[in-house]
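Below: the structure, in structure tokens.
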Amino acid sequence: MGTAGGSAEEIAGERRHLINVAYRLLGSVTEAEDAVQDAFARWYGLSRSRREEILSPGAWLTTVTSRICLDLLGSARVRRERYVGAWLPEPLPDRTEWNHAGDVDPTGPADPADQIVLDESVTMAFLVVLESMTPAERVAFVLHDVFRYPFTEIADVLGRTPAACKQLAASARRRVSVARAPMTTTGQADVVKHVKEAWEARDITALVGLLDPAAVMTADGGGMVGTVLRPVEGGARIAQYMIAIADKSPGLELLERSVNGVPGLVAQRAGVVMTVASFDVSDGRVTRIWAIRSPKKLGPWTRHGRL
């Protein structure tokens, strides 16, 4: 346990934890980094005597970061009403995969995305469900169920009673029960590999067989690049769309890469990442595809993926 006030090294050491909390709360690496920077600015904005009075700087920083995220979640709802097309969370690369491919200088500057632990609480399926929650539900659920904070501390973040926070977490938990169904990474990797092969071969029959008849594909271009503005529903329609994209995209290369810790695909042209696709697989078939194309959300992939 650190001393009251905390040393500069101890305070800096909290950054990784805070980035992990903020990304799960916001679904955005960029906004998570901004929230953490704001929390640090508020810490160093305190007088030295006030900092020395704080027994747990880490807990203080987590509370402040969570409150900043809570405010951002409230304003994000308004911004996303004006967003062009569907809004999806920012996808995360697995730095080690790019290192093995020789695409990244491991001695380069640290990236906020590299500090996020890739577990089931950051899969695209999980984050999309988090987006359906109210800001208070999301904060209560993430802090309690993911990071094991007691409701007494969460109450301080939300300005509600511990009992009310417990109810918020329970409500959120019901929403994610389906998203947290067991998933076999190896099985998903096989399905994603077959999707890649069928796409490269322009084999629409094979693609239809790999997609659930009720599958849904959602794309996020942010109004900056061309893509479908509404979800494409039905395995056959998705397969037709994918083949059409293949025919119109000469020189596009698909790579099998982890997306938020789960097997996915990355589309590159001339070494530049154009699209990151995440999949949800059930009973050997793809049920959901999330395709992120907005350049603003591909920053970590642009830095990691260029050849």
Pairs where residues 242-278 contributes a residue and the test ring-ring contact (aromatic ring centres under 6.0 Å, His included) is met, not counting sequence neighbours: none
Sidechain-backbone polar pair: S171 side chain, Q167 backbone, donor-acceptor under 3.5 Å: no
Salt bridge present between D280 and R285 (N-O < 4.0 angstrom): no
Short N-O contact, R257 and D94, less than 4.0 angstrom: no
Shortest non-hydrogen contact from I11 toward P57: CD1-CB, 3.4 Å
Donor + acceptor pair across side chains of R24, N20 (<3.5 Å): yes
Distance-only side-chain donor-acceptor flag, T30 / S28, under 3.5 Å: no
Over all atoms of both residues, closest heavy-atom pair of P263 and Q188: O-NE2, 3.3 Å
Pairs where residues 228-246 contributes a residue and the test side chain to side chain donor-acceptor pair (under 3.5 Å) is met, not counting sequence neighbours: none
Minimal non-hydrogen separation, R51 against Y44, with atom names: NH1-O, 3.6 Å
Pairs meeting criterion side chain to side chain donor-acceptor pair (under 3.5 Å) with involvement of residues 202-213, two or more places apart: R202-D247
Minimum heavy-atom distance P91-P93, with the two atoms named: O-CD, 4.0 Å
Side chain proximity check, L211 to I289, heavy atoms < 4.5 angstrom: yes
Flag side-chain contact, heavy atom, 4.5 Å: T275 against V273: no
Backbone N/O of V29 and side chain of E90: donor-acceptor pair under 3.5 Å: yes
For G284 against V191, the heavy-atom pair lying closest together: O-CG2, 3.6 Å
Donor-acceptor contact present, side-chain W301 to main-chain V276, <3.5 Å: no
Pairs touching residues 51-75 that satisfy ring-ring contact (aromatic ring centres under 6.0 Å, His included), sequence neighbours left out: W43-W60
Salt bridge (charged side-chain N to carboxylate O under 4.0 Å, His left out) contacts in which one or both residues fall within residues 216-226, not counting sequence neighbours: D220-K297
Main-chain N/O of A246 paired with S249 side-chain donor or acceptor, under 3.5 Å: no
Plane angle bin for H17 and F147 - parallel if under 30°, tilted between 30 and 60°, otherwise perpendicular: perpendicular
T65 and R67, any side-chain heavy atoms less than 4.5 Å apart: no
Under-4.0 Å salt bridge between E137 and R175: yes
Lys/Arg N to Asp/Glu carboxylate O, E33 vs R15, below 4.0 Å: yes
Short N-O contact, R42 and D38, less than 4.0 angstrom: yes
Heavy-atom pair with the smallest gap, counting every atom of W87 and L26: CH2-O, 3.9 Å
Within one Ile-Leu-Val-Met-Phe-Trp-Tyr cluster: L229 and V225, side-chain cutoff 4.5 Å: no
I68 reachable from I116 in the ILVMFWY side-chain graph, under 4.5 Å edges: yes
Distance, nearest 0.5 Å, that separates NE2 of H144 from CZ of F151: 3.5 Å
Pairs flagged by salt bridge (charged side-chain N to carboxylate O under 4.0 Å, His left out) wherever residues 261-276 is involved - sequence neighbours left out: none
